[in-house]
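Please read these numbers as outputs of a predicted model, since none were measured by experiment.
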Amino acid sequence: MVSVVLVAMALAVMQFALALHVRNTLIDAASEGARFAALADRDLAEGEQRTRDLIAAALGSGYAHEVSSTEVARNGHHLAAITVRATLPLAGLLGVDRGLEVSGHAVFEELR
């Protein structure tokens with residue numbers, strides 16, 4: 001009886017670790033995509049594509065289909081913002097569709 005509880009707890013911890021791994025990977029990809037889009041010779045569409053490529057390489061293309069980008073202003077600075085909406089894994093990689101939303105931001109470079 002105790003082993004059933006221990007196995008259930010171990011599986012729950014592993015599932016939590018998987019969800020955190022997916023979240024952190026998406027945050028890193030969105031941030032890298034925003035930094036790429038903010039370069040002086042790049043644009044937002046290239047940042048979105050870079051984000052999709054990174055997510056597809058790390059997690060699979062199923063997590064990379066809902067990526068969007070915008071230009072935002074904060075404290076007088078123009079920022080590239082990349083937002084990723086993906087499945088929140090609750091049972092293995094299956095879970096709540098669009099249950100996870102992360103974003104990355106970077107200040108646009110200016111050539112002088």
Side-chain angles (χ1 to χ4, degrees):
M1 202 159 65
V2 172
S3 64
V4 172
V5 173
L6 287 176
V7 168
M9 287 181 60
L11 290 174
V13 168
M14 288 177 21
Q15 184 62 44
F16 182 69
L18 176 64
L20 282 178
H21 170 70
V22 168
R23 177 185 163 270
N24 290 340
T25 302
L26 293 175
I27 288 171
D28 184 55
S31 297
E32 176 60 27
R35 284 189 292 271
F36 192 76
L39 294 174
D41 60 341
R42 304 291 180 187
D43 62 8
L44 291 174
E46 291 175 307
E48 282 184 34
Q49 188 57 47
R50 172 82 170 170
T51 302
R52 282 189 191 92
D53 293 343
L54 290 170
I55 293 170
L59 298 173
S61 59
Y63 282 88
H65 65 317
E66 206 166 329
V67 178
S68 61
S69 62
T70 57
E71 183 177 333
V72 296
R74 232 182 247 165
N75 298 330
H77 299 287
H78 293 286
L79 306 172
I82 303 285
T83 302
V84 179
R85 288 174 197 83
T87 301
L88 176 63
L90 296 177
L93 291 175
L94 303 173
V96 178
D97 190 36
R98 297 182 61 159
L100 186 59
E101 181 177 321
V102 298
S103 62
H105 300 83
V107 177
F108 281 106
E109 282 186 356
E110 295 179 12
L111 294 176
R112 294 179 191 228

*Asks:* Looking at T83, I82, V22, I27, which hits side chain to side chain contact (heavy atoms under 4.5 Å, CB included) with V102?
*Replies:*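 For V102, the side chain to side chain contact (heavy atoms under 4.5 Å, CB included) check succeeds only for I27.
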*Asks:* Sequence neighbours left out, what passes side-chain contact (heavy atoms from CB on, under 4.5 Å) with D43? Give chain and number order.
*Replies:*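 Residues passing side-chain contact (heavy atoms from CB on, under 4.5 Å) with D43: A45, E46.
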*Asks:* Mind checking what makes side-chain contact (heavy atoms from CB on, under 4.5 Å) contact with T70, not counting sequence neighbours?
*Replies:*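 Counting only residues at least two positions away or on another chain, T70 forms a side-chain contact (heavy atoms from CB on, under 4.5 Å) with V72, A81.
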*Asks:* Below 3.5 Å, can you tabulate the donor-acceptor pairs from side chains in residues 91-98 to any protein atom, sequence neighbours excluded?
*Replies:*
unit_1, atom_1, unit_2, atom_2, d
R98, NE, E66, OE2, 3.3
R98, NH1, E66, OE2, 3.2
R98, NH2, E66, OE2, 3.4

*Asks:* Locate the shortest heavy-atom distance separating A80 from A37; write the atom from each residue and the value.
*Replies:*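 Closest heavy-atom pair between A80 and A37: CB-CB, 4.2 Å.
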*Asks:* In terms of hydrophobic clustering (I, L, V, M, F, W, Y; side-chain heavy atoms under 4.5 Å; direct or indirect links), are V84 and L59 co-clustered?
*Replies:*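 Yes; tracing contacts between hydrophobic side chains, which count when under 4.5 Å, links both residues.
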*Asks:* Using the side-chain contact (heavy atoms from CB on, under 4.5 Å) criterion, which residues pair with A10? Sequence neighbours excluded.
*Replies:*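 side-chain contact (heavy atoms from CB on, under 4.5 Å) list for A10, sorted by chain: empty.
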*Asks:* CD/E71 to CG/L79 distance, rounded to the nearest 0.5 angstrom?
*Replies:*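 So the gap between those two atoms works out to 8.5 Å.
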*Asks:* What's the shortest heavy-atom distance between A29 and T51, and which atoms?
*Replies:*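 So the minimum-distance heavy-atom pair works out to O-OG1, 3.5 Å.
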*Asks:* Looking at CG of L26 and OG of S31, how far apart are the two atoms once the value is rounded to the nearest 0.5 Å?
*Replies:*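 Between atom CG of L26 and atom OG of S31 there are 10.5 Å.
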*Asks:* Are L54 and F36 in one and the same hydrophobic cluster, where Ile, Leu, Val, Met, Phe, Trp and Tyr link if side-chain heavy atoms are under 4.5 Å apart?
*Replies:*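 Each belongs to a different hydrophobic cluster.
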*Asks:* Run the side chain to side chain contact (heavy atoms under 4.5 Å, CB included) test on R42 and R50 for me, step by step, so that the C-alpha distance in whole Å, both residues' side-chain angles and the decisive distance to 0.1 Å come before the verdict.
*Replies:* CA-CA 11 Å; R42 304 291 180 187; R50 172 82 170 170; over 6 Å; no
*Asks:* Tell me the side chain to side chain donor-acceptor pair (under 3.5 Å) pairs involving residues 4-27, sequence neighbours left out?
*Replies:*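 Not a single pair qualifies under side chain to side chain donor-acceptor pair (under 3.5 Å).
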*Asks:* Name all residues meeting the salt bridge (Lys or Arg N to Asp or Glu O under 4.0 Å) criterion together with E109; count only those two or more places apart in sequence or in a different chain, and write none if there are none.
*Replies:*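 None.
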*Asks:* Return yes if some donor-acceptor pair links the side-chain N/O of H65 with the main-chain N/O of G62 below 3.5 Å, else return no.
*Replies:*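 Yes, H65 side chain to G62 backbone: donor-acceptor pair under 3.5 Å.
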*Asks:* For A30 versus S103, what's the shortest heavy-atom pair and its separation?
*Replies:*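 Heavy atoms of A30 and S103 come nearest at CB-C, 4.0 Å.
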